[in-house]
There are 2 protein chains.
Amino acid sequence: MPYRETSQVRERKTARRERLLRAVWELVGERGFEQVRMVDVAARAGLATGTVYRYFGSRGELFAAVFQRATALEVEHVRQALADTSGTAADGVEAALRTFARRAMRAPVLAWSLMAEPVDPRVEQARLVYRRSYARLFQTAIERGIGESVFPPQPAGLSANAVVGALAEALAGPLAPGRDVDHQAGAVQAIALESMIDTVVRFCMQGLTGTMRTVK
Amino acid sequence: MPYRETSQVRERKTARRERLLRAVWELVGERGFEQVRMVDVAARAGLATGTVYRYFGSRGELFAAVFQRATALEVEHVRQALADTSGTAADGVEAALRTFARRAMRAPVLAWSLMAEPVDPRVEQARLVYRRSYARLFQTAIERGIGESVFPPQPAGLSANAVVGALAEALAGPLAPGRDVDHQAGAVQAIALESMIDTVVRFCMQGLTGTMRTVK
DNA sequence: CCAAAAAATGAATGATGATTCATTTGTTTG
DNA sequence: CAAACAAATGAATCATCATTCATTTTTTGG
């Protein structure tokens, strides 16, 4: 009865699978999904091209796995920020926005890939879940804020999406790979990151809390 | 001395060039740039594939031409809304936002293609100009608003970008092709378009005018 | 109608990149 | 070590399109 998978082999396989995920994660952070070639993935992981297919059935499957892992991490960070904040619901939302924004700016290409890059259906499917997670997180917080009267009544689901959308585009969008950063009319250059985050977060918080002026 | 381009031919060529631009415009509105094949363009215009290259040197060149035309139109509409509005700068900005939003929602895929879809460098180049046009438009208006004290002091350029980004992502992003519309937690379904626009515009105006609360 | 010139055609070419698979290399147990 | 099997390899295959170009069709002035 020669050969039966031993723990040594099993561990090596686990490690290689892990290295593949890591490789894709790195590459996506550098160029976005679209620009990541299977050959590059293999090279980065120190494997042959064909080997990749022993671990993941297809490009879409591999990328979806990476996507899922990356988004779960992001959502968890934001969830934590929300949970860890004492005070009004507004304080929680603000902390969450700040966390979201800071992480997005630290890894702009990844953020862009997760939020906005067009991806194949398998990955898009995972993105649906991702966005829902965020929306749910913020929606709940906003609803609590409305209950506490720190936010005026508003369609919480829509506001949540608006906020997520606003941050994603305002921060990640301009920094999408290959896009010239200086297109913000030079503003980005002058204003430091933190300050920029302040501005966008303030914009969002004001959007949520409002002056109650009835627009139109 | 047989054959010299006559006005009949010249007009036919102009018409065909026009039909090509129109064809691409239609197709982009249906699927976005990425998904538009040269063969489809030719078919839609009623020409052979090779013929397209007698009018435009390359896919990038053709698409850039379409992009330029489409964006010029969009910017012009917004500019008009801004100019046609009497009252404070805030009124103008609101009218402009509303125009922008309404047009984006009427042609969501086109809007997404113009604002956010990854495109080849030639087109990206044109997009730079496009975003700058918008940013300049809004930035000027916001600066005027600050002067009139209807907006609190703020980095106008950044706010302008935030507003454009917020609208683009909040309205066009969710409606990107192939993305399931119902992902807005069902909100979109229930709320009519105009009402949705109201909400997003209010969000933006509140973000701009603010309650002056010092966020952190 | 003819010759000259341009325009149009669409099948062939070429580039890119995911995926496959015949072959090689590595592991395990008797 | 050898037999038995799995894992790894990477060059070949296949699919997708943009682009080209030899050939055909149109147009024009004589």
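To find a chain, count down the sequence lines: A is the first, B the second, and so on, and within it residues start at 1.
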Just by modelled atom types, is the B:L208 backbone N or O under 3.5 Å from a matching donor or acceptor in the B:Q154 side chain? yes
note: A:E61, atom CD; C:dA18, atom P; distance rounded to Å ~ 16 Å
Between A:G57 and B:A48, whichever has its closest DNA chain C nucleotide further toward 5' is B:A48
Taking D:dA7, D:dT9, D:dT27 as options, the one with an atom nearest any side-chain atom of B:R12 is D:dT27
In whole angstroms, the gap separating P of C:dA18 from CG of A:D120 amounts to 11 Å
Rounded to whole Å, CG of B:L62 lies from C1' of D:dT19 at a distance of 13 Å
Comparing nearest nucleotides in DNA chain D, the 5'-proximal residue of the pair B:G60, B:S7 is B:G60
Exercise. Answer with base, sugar-phosphate or nothing: what part of the nucleic acid does A:R59 contact at a heavy-atom distance below 4.0 Å?
Key: sugar-phosphate
Atom CG of B:L47 and atom P of D:dT26 are separated, to the nearest Å, by 14 Å
Rounded to whole Å, the CZ-C1' distance (A:F33 to C:dA18) equals 17 Å
Rounded to whole Å, CZ of A:F56 lies from P of C:dT19 at a distance of 13 Å
CA sep, side-chain torsions, deciding dist, call: B:D120, B:R59, salt bridge (charged side-chain N to carboxylate O under 4.0 Å, His left out)
CA-CA 9 Å; B:D120 90 23; B:R59 186 176 188 270; 5.3 Å; no
In whole angstroms, the gap separating C1' of C:dG17 from CZ of A:F63 amounts to 12 Å
**Asked** Side-chain N or O of B:Y53 less than 4.0 angstrom from OP1 or OP2 on C:dA7?
**Response** no
Could you check whether A:R16 gets within reach of a base, just the sugar-phosphate, or nothing at all, counting any heavy atom under 4.0 Å? sugar-phosphate
Subject >> Residues A:R69, A:E18: salt bridge by 4.0 Å N-O rule >> reply: yes
For this session: Take the angle between the ring planes of B:F63 and B:F33 and call it parallel below 30°, perpendicular above 60°, tilted in between.
Result: tilted
One should read off an interatomic distance between A:W25 CH2 and A:L110 CG, to the nearest 0.5 angstrom, of 7.0 Å
- Item | Short side-chain N/O contact to C:dA7 OP1/OP2 from B:Y55, under 4.0 Å | no
Exercise. Describe the nucleic acid contact of B:R37 in one word from base, sugar-phosphate, nothing, applying a heavy-atom distance below 4.0 Å.
Key: sugar-phosphate
B:E11 atom CD is separated from C:dA7 atom P, nearest whole Å, by 15 Å
Distance below 4.0 Å between B:T51 side-chain N/O and C:dT9 OP1 or OP2 = yes
Which of D:dT19, C:dT19, C:dA7 is nearest the side chain of B:R54? It is C:dA7
